[in-house]
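Any value given below was found using the heavy atoms of this structure, including those in side chains, with hydrogens, waters and symmetry copies removed.
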Amino acid sequence: MLRAGASTTNRLLPSLPGAFLLTAYLTATVVSLPASAQVSRPEPAYEGSDRIEEWSGRRILVVTPHPDDETFTSGGTLAMLVANGNEIQVVVYTTDNAGSRDPEMTKDRLKAIRRAEEEEACRILGIPKENIHWLGHDDGMLEYVDRRALTKQVAREIRRFRPHAMFSVDPGSPYEQYHKSDHRSGAIITVDAIRAARWRLYFPELEAEGFEAWSVPLVFFYYSAKPNYTVDITDVAEKKARASAAHISQFGSLVDRYDPSIVDEQKKEVAARLLERAERENGRVVERFRRSEAY
């Protein structure tokens, strides 16, 4: 989930506040690092011929901390995958039921709002609501869930859907390490679950339930500090902007007071701003990931 009350600029450029927090932390802490560790070196750009933009007939599993993270980071790529005939399933760790300052808001009401927004965003991208799976944990509380149980829960979903590739939060991103705990916990749990899904003896009870071991070939990590894979989403950029704007309860005055009467108007304004400020390279709208073979 994006930080409630953050400016639109910060929402669109999550690496900026993350970089600020990391710099402040290191400045305030007396740390002596070797020269080799002081520079964050990007991974070499992927130059292979297996381009996700050309995939068809594959299964993709998205694991996201909140209903919105995958839309803002990967919505264009996911829309392209759907259009090319790939199946996408989305697993959401939390209900996102806490990110509001509205004095009249309740957790149950916010949970329903955020669920409806996720379904609308996915509909715009071409993902049916039947393909959204909610693990149901409270917003901001993921780190307090039993880690073994949570890893098993996600490993079950991986074995259930047997994806050819996954999308999730990069566990190595400094911004995520200092950002909301759901991102930190979800990132680590996901990679642990990928490993647990691969080896049948991690959770032999899953095999007894009929979920046989599955090795995920590739992971596309979003919110990454070291992206090595760029996707041109220019042709679906407007669609991504509209899908992102569907998460309207996280923008502007609606964070402080959720007024249904202005939702539609706000969606149009937010979509226009998102499209205007989308990341570009050589005049083309892009999304960036750290493409990694699962381990």
task: List the steps and the verdict of salt bridge (charged side-chain N to carboxylate O under 4.0 Å, His left out) for K152 and D192.
output: CA-CA 9 Å; K152 178 180 174 180; D192 286 349; over 6 Å; no
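- The shortest distance between side-chain heavy atoms of R123 and K129 does not fall below 4.5 Å.
- V236 is not listed as a side-chain neighbour of K240, based on a closest heavy-atom distance of 4.5 Å or more.
- Annotation: F203 is not in aromatic contact with F211 [ring centroid separation under 6.0 Å not met].
- When side chains are defined from C-beta on, M105 counts as touching I113, because their heavy atoms get closer than 4.5 Å.
- Screening residues 79-88 for side chain to side chain donor-acceptor pair (under 3.5 Å) gives E87-Q89 as the qualifying pairs, with residues at least two apart or on separate chains.
- Using a 4.5 Å cut-off on side-chain heavy atoms (C-beta onward), F167 and L81 make contact.
- Between W55 and F220, the ring planes lie perpendicular to each other; the angle is over 60°, past the 30° to 60° tilted range.
- Defined by atom type and a distance below 3.5 Å, a donor-acceptor pair is present between the side-chain atoms of E117 and S249.
- D96 pairs in a salt bridge (charged side-chain N to carboxylate O under 4.0 Å, His left out) with only one of the listed residues (R114, K107, R115, K111), which is R114.
- A salt bridge between R257 and D259 is present, with a side-chain N of the basic residue lying under 4.0 Å from a carboxylate O of the acidic one.
- A 6.0 Å sphere centred on CD of E212 holds no more than 12 heavy atoms belonging to other residues, nucleotides or ligands.
- Side-chain atoms of K239 never come within 3.5 Å of backbone atoms of G76 as a donor-acceptor pair (strictly under, hydrogens ignored).
- Inspection of the Y93 and T190 side chains reveals an N or O donor paired with an N or O acceptor under 3.5 Å.
- Y229 pairs in a side chain to side chain donor-acceptor pair (under 3.5 Å) with only one of the listed residues (R288, R290, R51, E287), which is R51.
- There is no side-chain donor-acceptor pair under 3.5 Å between T95 and H137.
- Side-chain atoms of Y223 and D69 form a donor-acceptor pair, as typed in the model, at a separation below 3.5 Å.
- Contact of the V92 side chain with the H133 side chain is not registered, since no non-hydrogen atoms from C-beta on lie closer than 4.5 Å.
- Residues F289 and P227 are not in side-chain contact: their nearest non-hydrogen atoms beyond the backbone lie 4.5 Å or more apart.
- Using modelled atom types and a 3.5 Å distance limit, the side chains of D108 and N97 yield no donor-acceptor pair.
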task: Determine, stepwise, if the pair E209 / R156 fulfils salt bridge (charged side-chain N to carboxylate O under 4.0 Å, His left out).
output: CA-CA 9 Å; E209 295 174 22; R156 178 185 284 110; 3.2 Å; yes
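- Side-chain contact between V191 and F221 is present, with heavy atoms from C-beta onward closer than 4.5 Å.
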